[in-house]
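Please read the structure below before turning to the comments.
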There are 2 protein chains.
Amino acid sequence: MEIPSPPSGVRFIDDYLVYLLARAAHQVSSEFHEQLRRRGISVAVWRVLSALLGSEGETVTGLAETCLLQQPTMTKLLDRMTRSGLVARSPDQRDRRVVRIALTGTGRALAEDLAVAAKAHEAELLARHPPAEAEAIKNLLRAILARHDRPRRG
Amino acid sequence: MEIPSPPSGVRFIDDYLVYLLARAAHQVSSEFHEQLRRRGISVAVWRVLSALLGSEGETVTGLAETCLLQQPTMTKLLDRMTRSGLVARSPDQRDRRVVRIALTGTGRALAEDLAVAAKAHEAELLARHPPAEAEAIKNLLRAILARHDRPRRG
DNA sequence: GCAATTTATATGAAATTGCACTTATGGCTG
DNA sequence: CAGCCATAAGTGCAATTTCATATAAATTGC
């Protein structure tokens with residue numbers, strides 16, 4: 001038998017933009033994250049690997065911002081990824097405060113491998129929508145990002 | 001001076017749906033989450049409070065699913081929220097495995113208070129978009145959710 | 001009606017994250 | 001150039017989350 005659902009008539013969150021976005025992000029990524037889990041790769045590690053694809057030489061702070069993590073969290077994550085041979089740190093020439101992060105050979109191979117799977121998954125996702133809608137999704141998201149980007153340096 | 005950006009030409013993630021969604025969710029919520037932080041309320045607590053607004057009597061597992069958390073995480077979160085007097089557990093009549101969660105008076109007051117702030121923030125967010133776009137956003141998100149909802153019981 | 005299976009919640013140890021702070025540079029101003 | 005503020009990264013400890021598993025209750029199939 002089924003546990004009778006609570007009177008889930010008008011939940012606040014069902015019409016709350018921030019929740020809809022969070023839920024959509026979660027749902028859409030869950031299938032791929034499941035693939036990662038099966039391979040023993042954490043979401044955080046995947047984020048760093050993918051952030052470095054096409055843009056190596058990122059700084060620790062830059063990676064943290066890209067991966068939506070705090071800087072100390074990124075420092076510790078990079079410690080682990082360095083230990084497991086996926087990335088390497090190197091000092092910046094011009095500014096000795098800065099540490100540049102690069103993929104190792106192993107790291108790049110894994111990143112590219114996962115990226116293929118990620119793109120395949122994305123194609124599947126988009127295929128579930130009518131073409132016009134699929135088209136609209138990324139554009140709308142970019143519009144949101146553009147309008148709500150916090151003031152950035154540069 | 002500016003640290004010269006790395007050759008951030010074509011990052012993989014900048015055209016990756018899952019990332020765009022995650023980033024949009026993060027950016028859009030960050031301002032409100034900052035308000036929460038100033039009030040000493042964690043995002044997780046806010047999620048539970050808002051999940052219960054309009055739908056009390058949720059189960060632990062149901063709340064975990066709604067709040068995008070794992071069940072053991074929710075159990076412990078509810079432990080803390082119970083201790084701080086925001087929610088109360090009560091046994092389900094029909095199924096003694098089930099625990100129903102309800103807001104306390106304090107919890108409801110806080111939830112409603114925060115919900116007002118959240119809705120105000122949402123209005124601000126939407127005001128930054130042209131009306132047609134603002135209109136489209138939630139609809140599109142609901143379309144995504146509808147199409148990618150994992151098979152659910154019921 | 002009972003053993004086997006499934007479902008709901010809780011628990012405990014280990015890993016991760018968050019927060020406040022330190023250290024090391026770099027940039028700026030007088 | 002000295003002093004001061006800003007920025008980059010790392011550290012330490014407390015809090016939280018995760019993973020695997022335990023416990024309890026309900027359901028299923030004989």
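Just so we're clear, the structure is a prediction, and the values are computed from it rather than from any experiment. In what follows, every chain begins at residue 1, and chains take the letters A, B, ... in the order their sequences are listed.
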Subject >> Check: A/Arg97 side chain, D/dT7 base, donor-acceptor under 3.5 Å >> reply: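 When only heavy-atom distances are counted, A/Arg97 does reach the base of D/dT7 through a donor-acceptor pair under 3.5 Å.
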Original post:
Do A/Gln71 and D/dA8 share a donor-acceptor pair, side chain to base, under 3.5 Å?
Top reply: no
Original post:
For DNA chain C, what residues of residues 73-85 of chain B have any heavy atom nearer than 4.0 Å?
Top reply: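 Hits under 4.0 Å, by residue number: B/Thr75, B/Lys76.
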Original post:
Does anything in residues 45-53 of chain A reach DNA chain C, meaning a heavy atom under 4.0 Å, and if so which residues?
Top reply: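 Output list: empty, so none.
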Subject >> A/Arg96 vs A/Gln70, nearer the 5' end of DNA chain C by closest nucleotide >> reply: A/Gln70
Original post:
Taking for each residue the nucleotide of DNA chain C with the nearest heavy atom, is it B/Arg37 or A/Ser42 whose nucleotide lies nearer the 5' end?
Top reply: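 By nearest-heavy-atom nucleotide position, the 5'-most residue is A/Ser42.
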Send over the distance from [X] [atom1] to [N] [atom2], rounded to a whole Å.
X       : N      : atom1 : atom2 : answer
A/Glu58 : D/dA8  : CD    : P     : 13 Å
B/Leu69 : D/dC19 : CG    : P     : 13 Å
A/His33 : D/dT18 : NE2   : P     : 13 Å
B/Glu65 : C/dT7  : CD    : C1'   : 15 Å
A/Asp92 : D/dA9  : CG    : P     : 9 Å

**OP:** Give a yes or no answer on whether the side chain of B/Ser29 reaches the backbone of B/His26 with a donor-acceptor pair at less than 3.5 Å.
**Re:**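 It does hold such a pair.
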Original post:
Are the side chain of A/Arg38 and the backbone N or O of A/His33 linked by a donor-acceptor pair below 3.5 Å?
Top reply: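 Judged by distance alone, no pair lies under 3.5 Å.
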Original post:
Angle, rounded to 10°, between the helical axes spanning five pairs at each terminus of the helix from C/dG1-D/dC30 to C/dG30-D/dC1?
Top reply: 30°
**OP:** Could you check which of D/dA9, D/dA25, C/dC19 has an atom nearest any side-chain atom of A/Val99?
**Re:**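 Nucleotide nearest to A/Val99's side chain: D/dA9.
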**OP:** Compare the minimum distances between each of C/dG18, D/dA25, C/dA10 and the side chain of B/Asp95, then state the nucleotide with the smallest one.
**Re:** D/dA25
Side chains of residues 121-130 of chain A: which donor-acceptor partners sit under 3.5 Å, not counting sequence neighbours?
from	atom 1	to	atom 2	distance (Å)
A/His121	NE2	A/Glu31	OE1	3.0
A/Glu122	OE1	A/Lys119	NZ	2.9
A/Glu122	OE2	A/Lys138	NZ	3.3
A/Glu122	OE2	B/Leu17	N	2.5
A/Arg128	NH1	B/His148	ND1	2.8
A/Arg128	NH2	A/Glu31	OE1	3.2
A/Arg128	NH2	A/Glu31	OE2	3.2
A/His129	ND1	A/Glu133	OE2	2.6
A/His129	ND1	B/Arg147	NE	3.2
A/His129	NE2	B/His148	NE2	2.8

Could you pull out every donor-acceptor pair under 3.5 Å between side chains of residues 78-86 of chain B and any protein atom, sequence neighbours left out?
from	atom 1	to	atom 2	distance (Å)
B/Asp79	OD1	B/Arg89	NH1	3.0
B/Asp79	OD1	B/Arg89	NH2	2.9
B/Thr82	OG1	B/Leu78	O	2.6
B/Ser84	OG	B/Arg80	O	3.0
B/Ser84	OG	B/Met81	O	3.4

**OP:** Kindly write out the residues that satisfy salt bridge (Lys or Arg N to Asp or Glu O under 4.0 Å) with B/Glu135, not counting sequence neighbours, or none if the list is empty.
**Re:**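 For B/Glu135, no residue satisfies salt bridge (Lys or Arg N to Asp or Glu O under 4.0 Å) once neighbours in sequence are set aside.
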**OP:** Taking salt bridge (Lys or Arg N to Asp or Glu O under 4.0 Å) as the test, write out the residues that go with A/Arg96, two or more places apart.
**Re:** none
Original post:
B/Ala24: what forms a side chain to side chain contact (heavy atoms under 4.5 Å, CB included) with it, not counting sequence neighbours?
Top reply: A/Leu21, A/Leu141, A/Ile144, A/Leu145
Original post:
B/Ala117: what forms a side chain to side chain contact (heavy atoms under 4.5 Å, CB included) with it, not counting sequence neighbours?
Top reply: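 Residues passing side chain to side chain contact (heavy atoms under 4.5 Å, CB included) with B/Ala117: B/Phe32, B/Gln35.
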Subject >> Contacts of B/Thr66 that satisfy side-chain hydrogen bond (donor to acceptor under 3.5 Å, both in side chains) - sequence neighbours left out >> reply: A/Arg11
**OP:** Apply side-chain hydrogen bond (donor to acceptor under 3.5 Å, both in side chains) to A/Thr75 and list each qualifying residue two or more places apart in sequence or on a separate chain.
**Re:**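 side-chain hydrogen bond (donor to acceptor under 3.5 Å, both in side chains) list for A/Thr75, sorted by chain: A/Gln71.
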Subject >> side chain to side chain donor-acceptor pair (under 3.5 Å) pairs, two or more places apart, involving residues 39-52 of chain A >> reply: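 As it turns out, the side chain to side chain donor-acceptor pair (under 3.5 Å) pairs with a partner in residues 39-52 of chain A, which skip direct neighbours, are A/Arg39-A/Asp113.
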Original post:
Is there side-chain contact between A/Leu36 and A/Val45, with at least one heavy-atom pair below 4.5 Å?
Top reply: no
Original post:
Has A/Thr59 got a side-chain N or O lying under 4.0 Å from the OP1 or OP2 atom of D/dA8?
Top reply: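 No, outside the criterion.
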**OP:** Indicate, with a heavy-atom threshold strictly under 4.0 Å, whether A/Arg89 touches base, sugar-phosphate, or nothing.
**Re:** sugar-phosphate
